[in-house]
Amino acid sequence: MQPYDVTADTRRHLLSITLRGFWDMTTLEAFEAEFEKALRTLHRKGGCEIALVDGSEFAVQSKEVLERFEQMMRANAPYLAKRTASVVPAELNRLQAARVTDMLTRRDFYSRADAEAWLFGA
């Protein structure tokens, strides 16, 4: 299974991301290319309004990967979602997510169903 999936839904102005496993820098660089491509696609179609990030299978990451992830998020801050729902499995994952996404309006959830309900207003 691929370590990530990135989808841009231009109709709903939604960025969907699934993150899995423990990453090395090569994986992060490949993810960054797809992430930025999706953001550009959404930007051309009116922007990224909402994002769903499913990290329920994402491991706690190395300091190196975490720092690069944070740089990527800061570099793309003007194009990021106005509201983000994150599914995170454990407290350490939550702490890492909060560190790299502190510029976002976001909320963490233990289940994808709860994240979707908050994000889509159900």
Side-chain angles (χ1 to χ4, degrees):
M1 182 175 286
Q2 190 173 356
Y4 59 84
D5 295 306
V6 179
T7 306
D9 180 340
T10 57
R11 184 182 58 77
R12 295 193 295 174
H13 303 278
L14 166 69
L15 178 65
S16 294
I17 299 172
T18 302
L19 309 171
R20 298 178 196 89
F22 185 78
W23 290 8
D24 58 19
M25 290 305 287
T26 302
T27 302
L28 180 59
E29 289 166 1
F31 169 79
E32 185 174 11
E34 285 196 40
F35 173 73
E36 290 179 347
K37 179 181 175 185
L39 285 177
R40 285 191 303 274
T41 297
L42 287 165
H43 182 68
R44 285 193 304 272
K45 299 293 185 170
C48 182
E49 295 293 322
I50 54 177
L52 176 61
V53 180
D54 186 344
S56 57
E57 297 177 31
F58 200 42
V60 171
Q61 301 299 309
S62 71
K63 181 179 178 186
E64 178 186 42
V65 167
L66 193 63
E67 287 172 353
R68 177 70 180 270
F69 215 109
E70 186 175 8
Q71 291 170 1
M72 176 186 66
M73 297 301 286
R74 292 204 184 286
N76 289 287
Y79 308 105
L80 299 177
K82 294 177 180 38
R83 205 162 53 119
T84 300
S86 297
V87 181
V88 290
E91 189 59 32
L92 189 50
N93 297 86
R94 285 179 188 279
L95 293 171
Q96 283 195 336
R99 176 179 167 194
V100 300
T101 60
D102 67 342
M103 76 291 292
L104 296 177
T105 300
R106 60 183 285 281
R107 205 164 148 197
D108 294 330
F109 300 89
Y110 289 108
S111 78
R112 187 174 178 115
D114 289 344
E116 289 174 348
W118 177 77
L119 193 62
F120 300 121

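Residues passing the side-chain hydrogen bond (donor to acceptor under 3.5 Å, both in side chains) test with Glu49, sequence neighbours excluded: none. Residues passing the ring pair (Phe, Tyr, Trp, His ring centres under 6.0 Å) test with Phe22: none are found, sequence neighbours excluded. For Arg44, the side chain to side chain contact (heavy atoms under 4.5 Å, CB included) partners at least two apart in sequence or on another chain are Arg40, Thr41. Shown here are the side chain to side chain contact (heavy atoms under 4.5 Å, CB included) partners of Glu34, two or more places apart in sequence or in another chain: Gln2, Tyr4, Val6. In this structure, the side chain to side chain contact (heavy atoms under 4.5 Å, CB included) partners of Ser56, at least two apart in sequence or on a different chain, are Asp54, Val87.
How far CD of Glu32 is from CZ of Arg68: 4.5 Å, rounded to the nearest 0.5 Å. Atom CG of Leu15 and atom OG1 of Thr10 lie 12.0 Å apart (nearest 0.5 Å). Atom CG of Asp24 sits about 9.5 Å away from atom CD of Gln61, to the nearest 0.5 Å. Annotation: the span from Arg74 atom CZ to Phe69 atom CZ amounts to 13.0 Å, rounded to 0.5 Å. Here the straight-line distance linking atom CG of Leu19 with atom CD of Glu57 works out to 10.0 Å at 0.5 Å rounding. Here Leu42 contributes atom CG and Tyr79 contributes atom OH; the two are 13.0 Å apart, rounded to the nearest 0.5 Å.
The aromatic rings of Trp118 and Phe109 sit tilted, their planes meeting at an angle between 30° and 60°.
Closest heavy-atom contact between Val65 and Met25: CG2-SD, 3.9 Å. Annotation for Arg112 and Leu52: closest pair NH2-CD2, 3.3 Å, computed over non-hydrogen atoms.
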Checklist entry - Would Val53 and Phe58 satisfy side chain to side chain contact (heavy atoms under 4.5 Å, CB included), going step by step from the backbone distance to the final call? => result CA-CA 10 Å; Val53 180; Phe58 200 42; over 6 Å; no
Next on the checklist: Applying side chain to side chain contact (heavy atoms under 4.5 Å, CB included) to Leu14 and Phe120, what does each step give before you reach the verdict?
Outcome noted: CA-CA 10 Å; Leu14 166 69; Phe120 300 121; 4.0 Å; yes
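Side chains of Pro3 and Trp23 form a contact here, defined as non-hydrogen atoms less than 4.5 Å apart.
Residue pairs meeting the salt bridge (Lys or Arg N to Asp or Glu O under 4.0 Å) criterion with at least one member in residues 5-18, sequence neighbours excluded: Asp5-Arg20, Asp9-Arg12.
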